[in-house]
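Not measured: the values here are computed from a predicted model. Within every chain, numbering begins at 1; the chains are lettered A, B, ... in the order of the sequence lines, protein sequences first and strands thereafter.
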Amino acid sequence: MADQSDQLHIVRHSLAHIMATAVARLWPEAKFGVGPVVEYGFYYDVDLGEAQISEDDFKRIEAEMRKVIGSNVPFERSEKPIDEAIAWAVETSQPYKEELLNDLKRAGTTVAKDLNAAELGTIAEGATQVQTVSFYKDGEFTDLCRGPHVESTGKVGAFKLQRVSGAYWRGNDQNAQMQRIYGVAFATKDELNQHLQMLEEAKKRDHRKLGQELDLFVFSDMVGSGLPMFTPRGTVLRDELADFSNSLRQRYGFEKVWTPHITKKDLYEASGHWAKFGDELFLVKSQETSDELVMKPMNCPHHTRIYASQPRSYRDLPVRYLETTTDYRDEKTGELGGLSRVRALTQDDSHVFCRNDQIETEINNLLAAASELYATVDMKLRVRLSYRDDSDAYLGSAELWSTAQEQLKRAVIANELNYYEQAGEAAFYGPKIDFMVTDALGREHQVATVQLDFVQPERFGLEYTDQEGAKVQPVMIHCALLGSIERFLSVYIEHTAGRFPVWLAPEQIRIITLNQQDDVVAYAEKVLGAAKKLGLRAKVDNASESVGKKIRNAELLRVPYTIVIGQKEIDSEAVVPRIRKDMAVSENQAAISLDEFLKTVRNEAKSRVLKTSLQG
RNA sequence: GCCGACAUAGCUCAGUUGGCCAGAGCGGCUGUUUUGUAAACAGCGGGUCGUGGGUUCGAAUCCCUCUGUCGGCUCCA
């Protein structure tokens, strides 16, 4: 988040206040929650009781806001003792503010997380005594707020109300739902327009749109929500990515395993997943036995069964399993969306079972693999050290946790990774190193993850025999490089706008016939055969259409290389490849022998480069 | 799961106070054209207006149910 003193932050904060003023004018009975600054603007949570704000009301609210801005009245800051502030909240019928103030008085801080605390942040975190809180008034509307605000209402930049949605009071789904009105705001009109344009650009890259346009995946009402099916083109992407991810780990001694997609629920009772995620498991009923089965929501418990299938010596460790497989999770319907959140998700999952003294090396290997993968797909990353917080949502002793968290931090520092730490983001069985990548539009997503786990080895009673003949518990390291392939694709498709590098392109070469003459068609087929022989993915377009039309179709599918076959090509046994613009290194492309062209593309695919190596 | 919006042909969309056999472009098919690097021309198909119910003389249009999608909230092993 922007620095509190940052001018843009102050502007956005002031606009939230002005919006509240406007809402209070239009709906005098409005009850206000919190109104913080967010990434590109601000929002305010309001409760209008029976009334509902819809996007149709934005014009009125904006008009009212502009009146407040036009009047350019000064923001007046004042302070009140906490009890007076509570009295103010009661008097003005602002129950939400009253609740926050009472919490402040009682606990010195609000119980709710970050944003709410920031909103009321006159008090330092952890303080026990609250003396006073500050208010801002813009002539008519007084709001509890730390500020700062701009001098007067006229000194705000360009803004636009964007959307309204439901939001639980204090982020708790047990609480009442308020309406959250979002606005975007920038210092100047130009910057605002630029931002709106960026959003338009993002829409064009939306993976759901490109998934259809590029024929990558489909959904069907008959199959169900959150259950994507991948077309031949999309399946190429999945397989190539998974193969790459696997090969990076096989280099470090990982071996593929396979486990079934259904299992008795006993397995997850043992692991602890049943207690925590039981209501999100798909149940499977056997008509033959009394077994209670579930679709597997993850794979680590299965992998522990393979590990435990024979006695292990300290010499055998690390044992490293790799499995790219689909898991099933019955996510809440409202949480599904495109490929980013699905009910059948494919993980490039792996688990290391090792001794304590092997943890460091193993983690280093995995961090190296993740770094290589994200360098190859050209995405910038930083890592988040995801720690536990002091809630009771975690298994295992506090000592184990702090040891594990320290080990992860040391590994990240040793690998010179750009990192930050965050409490409350850990898995219930252990802390994580999460890889956060930034896409072409500057948005951050979590992808790869490396997790240290002392809990499941304990729960499953895993062991190995050490040099002295004693039974010792191994450590588990969970790792997925792509994370969920579906989620990775959702990010990656938008990052590349569907312009996949040669190694991933579902179709690498399109061969266009100039006409339907027998020798031209025959030669095109011959080129296709030669390409396939080299393991390349190519297609012939022999439609009775203009060359221009066929080129256009290849462009729309973002095919990296397009070649036109006519008499000239037959005679010269050479081609002039048309290279997708983002890959080209020169403007005009020279003719090249067919043989050399195909071999070059083959090498590019093998080396997973982003740019062409063909010169002009 | 919660709040809100939406659902018309394969795709993108028009049809917005209820009223002639529901339209367009692209794609598809057929024919003509034989094309040299981002859209040749003509014709023909194609929709129980997401589902089920209701209101009405009459429903794509109004109401309810379900399914699905989208924007958020909550959650994310």
Establish whether the base of B:U33 is bridged to the side chain of A:S544 by a donor-acceptor pair shorter than 3.5 Å. yes

So what does A:G334 touch, heavy atoms closer than 4.0 Å: a base, only the sugar-phosphate, or nothing? base

Classify the side chain of A:E335 and the base of B:U74 as holding, or not holding, a donor-acceptor pair under 3.5 Å. yes

Rounded to the nearest angstrom, tell me the gap between atom CZ in A:F460 and atom P in B:A77. 17 Å

Salt-bridged, A:K296 to A:E323, with N to O below 4.0 Å? yes

A:L161 atom CG is separated from B:G4 atom P, nearest whole Å, by 19 Å

Give the nucleotide from the list B:C73, B:U35, B:C75 with an atom nearest to the side chain of A:E280. B:C75

For nucleotides B:G52 and B:G68, find the distance between their C1' atoms and express it as a whole number of Å. 15 Å

Measure from the side-chain heavy atoms of A:S165 and tell me the nearest of B:A39, B:G71, B:C73. B:G71

Per nearest nucleotide of RNA chain B, the residue lying toward the 5' end, A:Q52 or A:K432, is A:Q52

P gap between B:A9 and B:U51, integer Å: 10 Å

Assign each of A:G226 and A:R329 the nucleotide of RNA chain B bearing its closest heavy atom; nearer the 5' end lies the nucleotide of A:G226

If the P atom of B:G1 is compared with that of B:A59, how far apart are they to the nearest Å? 33 Å

Go through the side-chain N and O atoms of A:K550 and A:T513 and say whether any donor and acceptor fall under 3.5 Å apart. yes

Establish, from distance only, whether the side-chain atoms of A:T346 and A:E486 form a donor-acceptor pair under 3.5 Å. yes

When the P atoms of B:C26 and B:C44 are compared, how many Å lie between them, rounded to an integer? 14 Å

Which residues in residues 560-571 of chain A have at least one heavy atom lying under 4.0 Å from any atom of RNA chain B? A:V564, A:G566, A:Q567, A:K568, A:E569

Measure distances between side-chain N and O atoms of A:R341 and base N and O atoms of B:C76, and say whether any donor-acceptor pair falls under 3.5 Å. yes

Counting Watson-Crick and G-U wobble pairs only, both distances under 3.5 Å, name the nucleotide matched with B:G68, or none. B:C6

For B:U48, give the paired nucleotide (Watson-Crick: N1-N3 plus N6-O4 or O6-N4; G-U: N1-O2 and O6-N3; both under 3.5 Å), or none. none

Look at the side chain of A:Q451 against the base of B:A77 and say whether a donor-acceptor pair falls under 3.5 Å; ignore hydrogens and angles. no

Rounded distance [0.5 Å steps], NE2 in A:H195 versus CG in A:L199: 4.0 Å

Measure from the side-chain heavy atoms of A:S225 and tell me the nearest of B:U35, B:G68, B:U37. B:G68

Measure the shortest side-chain to side-chain distance between A:V34 and A:L100 over non-hydrogen atoms and say whether it is less than 4.5 angstrom. yes

Mate of B:C11 across any strand shown (Watson-Crick or G-U wobble, both atom pairs under 3.5 Å) is B:G25

By the Watson-Crick or G-U definition, both distances under 3.5 Å, B:G31 is matched with B:C41

Measure from CG on A:L556 to C1' on B:C11 and round the result to the nearest Å. 13 Å

In whole angstroms, how far is the C1' atom of B:U37 from the NZ atom of A:K581? 11 Å

Keeping the roles fixed (side chain from A:W401, backbone from A:L395), state whether a donor-acceptor pair exists under 3.5 Å. yes

When the aromatic ring centroids of A:Y429 and A:H478 are compared, is their separation below 6.0 Å? yes

Could you check whether the side chain of A:Y43 and the base of B:G72 have a donor-acceptor pair of N or O atoms closer than 3.5 Å, going by distance alone? no

Charged N to carboxylate O under 4.0 angstrom, A:R249 versus A:D348? yes

Mark yes or no: A:R60 above the aromatic ring of A:W27, with NZ or CZ under 6.0 Å from the six-membered ring centre and no more than 45 degrees from the axis. yes

B:A77 base stacked by A:F428? Criteria: ring centres under 5.5 Å, plane angle under 30°. no

If you check the A:Q516 side chain, which of B:G72, B:U34, B:C73 turns out closest? B:U34

Separation of B:U34 C1' from A:I512 CD1 (nearest whole Å): 15 Å

Distance check needed: B:C70 P versus A:L199 CG, whole Å only. 18 Å

Once you round it to whole Å, what is the distance between C1' of B:U69 and CZ of A:R208? 9 Å

